[in-house]
Every structure is written in C-alpha cells, then in structure tokens.
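Below: the structure, in structure tokens.
No experiment lies behind these values; they were computed from the predicted model shown.
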Amino acid sequence: MADTKREIERKYESDDSGLPDLTGVSGVATVVDKGVAHLDATYYDTADQRLAAAKITLRRRTGGSDAGWHLKFPVAPDIRDEIHAPLADTLPPDLAGLVRSRVRDAELVPVVRLRSDRDLRHLVDADGRLLAEVSVDAVHAEGLAEGAGAAQWTELEVELADGGDPAFLDKVDKRLRKAGVRPSKSSSKLARALAETAPKRKGGGKKKQSAQPAPADPVTAGDHVLAYVREQRDALLALDPAVRQDAPDSVHRMRVATRRTRSAFRSYAKVLDRTVTDPMGEELKWLAGELGVDRDREVMTERLTAAVDVLPPTLVHGPLRTRLHTWANASRGGSRSRLTGVLDSARYLALLDALDALVADPPLRADAAGKPEKVIAKAVHKDFGKLSVLVDRAIDLEPGAERDVAVHEARKKAKRARYSAEAAAPALGSPASALVKSMKSVQSLLGDHQDSVMTRQTLRELSAVAHAAGEDTFTYGVLYGREEQVAATVEARLPEVWKGIRTSAVL
C-alpha cells in the first residue's frame with residue numbers, strides 16, 4: 001500500500017564539498033551525525049520523457065531508510081508530494097495508475113541511474129526534536145538511453161522535518177549563503193542528470209530533452225482561447241492522480257475542468273472548428289457525467305444533513321438520519337474502483353490524446369487571427385445575450401414546474417457565460433473580470449433554486465420509502481416546506497439582482 005508524504009526541501013551547490021557549521025542557526029541546539037548511506041536509484045520515464053516534462057519523478061531506490069518505489073509530484077517551488085511503495089521488482093499497480101494520464105500507452109523504461117553517498121546530519125532543537133535533515137550527496141549519474149553519458153557532482157539538501165515550520169529553512173538558507181553555498185540551478189537530481197548525461201547529437205552538443213517550450217504570450221484571439229483550453233487540459237492531467245487517491249474536492253475540480261473546456265469549445269466556435277471540437281465536447285460531457293455519479297449524491301447528503309441539524313429537536317420525528325445515511329451510502333460500494341476504471345479506460349485516454357492533439361495542432365478558423373478585443377468580446381456578448389433571454393423568460397413565468405425548468409436552463413447558461421468571460425479576462429482585462437464576478441453571483445443564486453428543486457424531489461422519494469416502511473414522515477414535510485421557501489426567496493430576488501447585473505455589465 002502506498003504512503004504519501006509532503007516533502008519540503010531546498011538544494012544547494014558549492015565549490016567546497018563540505019558542510020558548513022550549522023550550529024549557529026537560530027533554534028538549532030545540536031547537529032547530529034547520522035553517518036553515510038549508500039543509495040542506488042533507477043529513474044523511470046517514457047522514451048520521450050513525459051514525466052520529466054511534467055516535473056514528475058518515478059524511481060526505484062535501494063539503500064537508506066526508505067528503500068522502495070518513490071513517485072513525486074510537484075506542488076510548489078521546493079515542495080513535492082512523495083508517494084512511497086514497498087520495494088518490488090516491478091512498478092506497483094497503484095503507482096502505475098497515478099502516472100497513467102501522463103504515460104498513456106507508452107512504456108516506462110529506465111532512463112537514469114543515480115548512485116549517491118549521502119552524508120546525513122540531523123538538526124535538532126534543545127528538546128531533541130528534529131528540525132530538518134541536511135545531507136551532502138556525492139552523486140554519480142549514468143544515463144541509460146543509447147549514447148547517453150555519465151556525470152558526477154556534489155550537492156547539499158536541506159529537508160524540513162514532518163510538521164516543521166517552513167520559515168526554519170529560511171534561517172538555514174541564510175547561514176548557507178553566508179558560507180558561500182549557492183542554490184542549485186537544477187530543480188532535482190533527475191533534472192540535472194538528464195541534462196548532463198543526454199546523448200550527444202551528431203555534430204556535437206547534447207540532445208535536448210523532449211519537454212515542450214512554454215507557449216508565447218497570447219496575441220491573437222486564437223492564442224487566448226488556446227491558452228484557456230491548455231490550462232483546462234493541464235488541470236485534467238494534474239487532477240487525475242488526486243481523483244485516484246480520493247483527495248478532497250478533486251472530483252469536483254476535475255468535473256469543472258471538463259465543463260470549462262466544453263464551454264470554451266461552444267462559446268468560441270468562431271475560433272475553433274466545431275467539426276473537431278464537437279466530438280470532444282461529447283466525450284467531455286460523458287466524463288463529467290461519470291465524475292458526477294457520486295458527487296451529486298454527496299452534495300445532496302451534505303445539504304440534507306445540514307438542514308436536519310438546524311431543526312429544533314421537537315421537529316425531528318422518526319429515524320430520518322438513519323434513512324438519510326442508508327440512502328447516501330446506497331451506491332458508494334465500489335464507487336472508487338468504478339471511477340478508477342473510467343480513468344483507466346481506453347475512452348478516457350483517447351480523450352486526453354485528442355486534447356493534446358488539439359493543443360498541439362489547433363483547428364483554427366479565420367477569426368482566430370483576429371484581435372481579441374473584437375473576436376473574444378463578441379463571443380462573450382453573445383453568451384450574455386442568450387443568458388438575458390433565459391433569465392427574462394424565467395422571471396415572466398408563473399411559479400411552478402415550467403419556471404423551475406426555465407431557471408435551471410438560465411443557470412446552465414450563466415455558467416457558460418462565466419466561463420467564456422474567464423477565458424476573455426486576460427485579453428479584455430477588468431471588464432471581463434467584473435463580468436466573471438457577476439456571473440458567479442447569478443449562478444450561485446440560480447443554483448440555490450435548482451438545489452431546492454432537486455432537494456424537494458429527493459425528499460419526496462425518501463418520504464415515500466419511509467412511509468412504505470411505516471415510519472413517521474412529518475419531518476420530511478417540514479424540510480420540504482423550507483425548501484419551497486428557499487425557491488420562493490430566490491424567485492423574489494431574481495428581478496432586482498438581474499437588473500443590477502444587466503446595468504453594470506460592460507465590455
């Protein structure tokens with residue numbers, strides 16, 4: 001079973017291979033010599049180094065206190081999440097799944113072998129509590145690709161103890177710099193090894209790594225739309241491992257990324273050819289639906305639980321909480337494995353391939369070359385105009401089922417208008433950002449109404465089951481009445497809120 005650890009560390013290099021005296025660092029009472037460990041690590045990647053391009057490292061290491069398979073994902077500068085699995089001859093399936101969205105059908109092969117002699121010290125405080133680990137690593141790197149070379153260097157690492165204050169690293173950093181130690185130019189041993197052992201090209205020089213260069217700053221309308229689509233594609237790839245690990249809010253965020261991408265395809269149909277994007281839109285809709293199977297029920301459970309919790313005890317009759325718990329968990333069995341199956345499916349991986357292909361070779365239409373102030377603004381205006389028609393219709397209808405449907409349609413269009421304004425913000429500036437804020441507010445208001453509609457439907461279903469079981473259904477009626485009031489309040493507020501938004505919306 002894999003374990004996850006947050007790794008906060010800084011790397012340094014110097015002309016002197018020794019470790020400066022760190023006893024003068026504030027808070028350090030003792031520097032404890034932990035001896036020298038001999039580490040032997042083989043790093044794996046695809047032949048075109050897809051993991052390295054995403055700053056992900058995968059290795060099998062022997063020696064030291066944590067021998068095994070290590071998978072590291074970047075979180076922020078100097079911060080990575082390290083997932084550790086026991087030592088085995090082959091890559092554990094759990095770790096293989098966590099890199100599948102990057103690797104796809106490509107084979108993982110050994111790319112670099114690093115052998116290090118690690119001289120380890122512990123920095124401890126007056127109570128003997130570990131503050132950080134400091135090591136001097138003498139590294140020998142051997143490239144494993146055909147024609148690859150070898151390299152060696154010495155570097156210093158300072159890793160914060162679990163639960164430590166990151167500010168402590170600043171104190172160590174100050175002392176190291178004063179002693180002439182410099183921050184490393186490479187983000188990791190692997191990055192340096194790949195650069196220094198890369199096979200030489202014909203005619204001399206190192207063969208460049210396959211990491212794609214950062215895209216240039218957006219200029220045209222097409223540039224801006226593609227930048228937004230690329231951002232959502234990157235979010236899908238980054239969230240895939242989090243969803244597999246059932247990280248909090250990861251499913252919701254991944255679902256939002258699919259919706260944003262699909263919305264961009266539809267809003268900016270004059271920029272990207274819909275004969276290409278429409279099929280991808282359908283696949284994104286499928287993925288969002290798969291991600292929402294359990295998410296919608298979770299949200300409903302949270303809403304109903306909160307509603308019951310605020311009721312006076314005198315209004316809570318019968319085993320309602322038990323009934324709600326049973327309903328909430330009715331489909332949970334195997335849900336995580338089901339979702340993992342979706343993320344492992346050929347259909348999902350083909351969708352990722354299609355998104356990659358679109359970003360690499362976009363199906364641009366004539367308007368893509370136009371000025372964003374004209375092309376993008378026009379698309380946002382169009383979405384806002386469609387929303388206006390739907391909101392006006394919802395306001396004009398009488399309360400009831402037809403109005404409920406109209407409000408729901410307006411909510412979906414508000415979401416699309418918000419996403420198109422998000423994509424427009426880098427090009428159009430503060431007016432688009434203000435529209436995003438307005439669309440969030442109206443989406444939230446209309447969302448409260450739709451939540452009320454769906455909650456009442458759920459209450460009717462739960463009440464029917466409870467009644468059939470001979471249970472007291474009084475509280476279901478109380479909750480139903482409160483949800484009716486929520487909807488009525490939204491309907492009463494909507495005309496004034498919408499008038500304010502329409503008056504202030506300027507692009």
Inspect the surroundings of [atom1] in [X] and state if more than 12 heavy atoms from other residues, nucleotides or ligands are less than 6.0 Å away.
| X | atom1 | value |
| --- | --- | --- |
| Lys72 | NZ | yes |
| Glu402 | CD | no |
| Asp170 | CG | yes |
| Asp361 | CG | no |

### Task
Inspect the contact between Asp309 and Arg321 and indicate whether a charged nitrogen and a carboxylate oxygen are less than 4.0 angstrom apart.
yes

Are [X] and [Y] packed together at the side-chain level, in the sense that at least one heavy-atom pair is separated by less than 4.5 angstrom?
| X | Y | value |
| --- | --- | --- |
| Glu82 | Phe73 | no |
| Leu462 | Trp327 | yes |
| Asp451 | Met300 | no |
| Ile83 | His70 | no |
| Lys412 | Arg416 | no |

### Pairwise side-chain hydrogen bond (donor to acceptor under 3.5 Å, both in side chains) hits with a residue in residues 365-375, at least two apart
none

### Query
Partners of His408 by ring pair (Phe, Tyr, Trp, His ring centres under 6.0 Å), sequence neighbours excluded?
none

### Query
Among all residues two or more places apart in sequence or in another chain, which pass the side-chain hydrogen bond (donor to acceptor under 3.5 Å, both in side chains) test with Glu157?
Lys11, Arg118, Lys189

### Message
Restricting to side-chain hydrogen bond (donor to acceptor under 3.5 Å, both in side chains), what partner residues turn up for Asp273, sequence neighbours left out?
### Response
Thr275

### Message
Please evaluate residues Tyr348 and Asp353 with respect to the criterion side chain to side chain donor-acceptor pair (under 3.5 Å), reporting the C-alpha separation (whole Å), side-chain torsions for both, the decisive distance (0.1 Å), and the verdict.
### Response
CA-CA 9 Å; Tyr348 168 70; Asp353 286 340; over 6 Å; no

#### Entry: Pairs where residues 460-485 contributes a residue and the test ring-ring contact (aromatic ring centres under 6.0 Å, His included) is met, not counting sequence neighbours
His317-Phe474

Listing, residues 492-502 side-chain donor-acceptor contacts under 3.5 Å, not counting sequence neighbours, or none:
unit_1: Arg502; atom_1: NH1; unit_2: Asp392; atom_2: OD1; d: 3.4
unit_1: Arg502; atom_1: NH1; unit_2: Asp392; atom_2: OD2; d: 3.0
unit_1: Arg502; atom_1: NH2; unit_2: Asp392; atom_2: OD1; d: 3.4

#### Entry: Distance in Å, Leu428 CG paired with Ile376 CD1, rounded so as to fall on 0.5 Å steps
6.0 Å

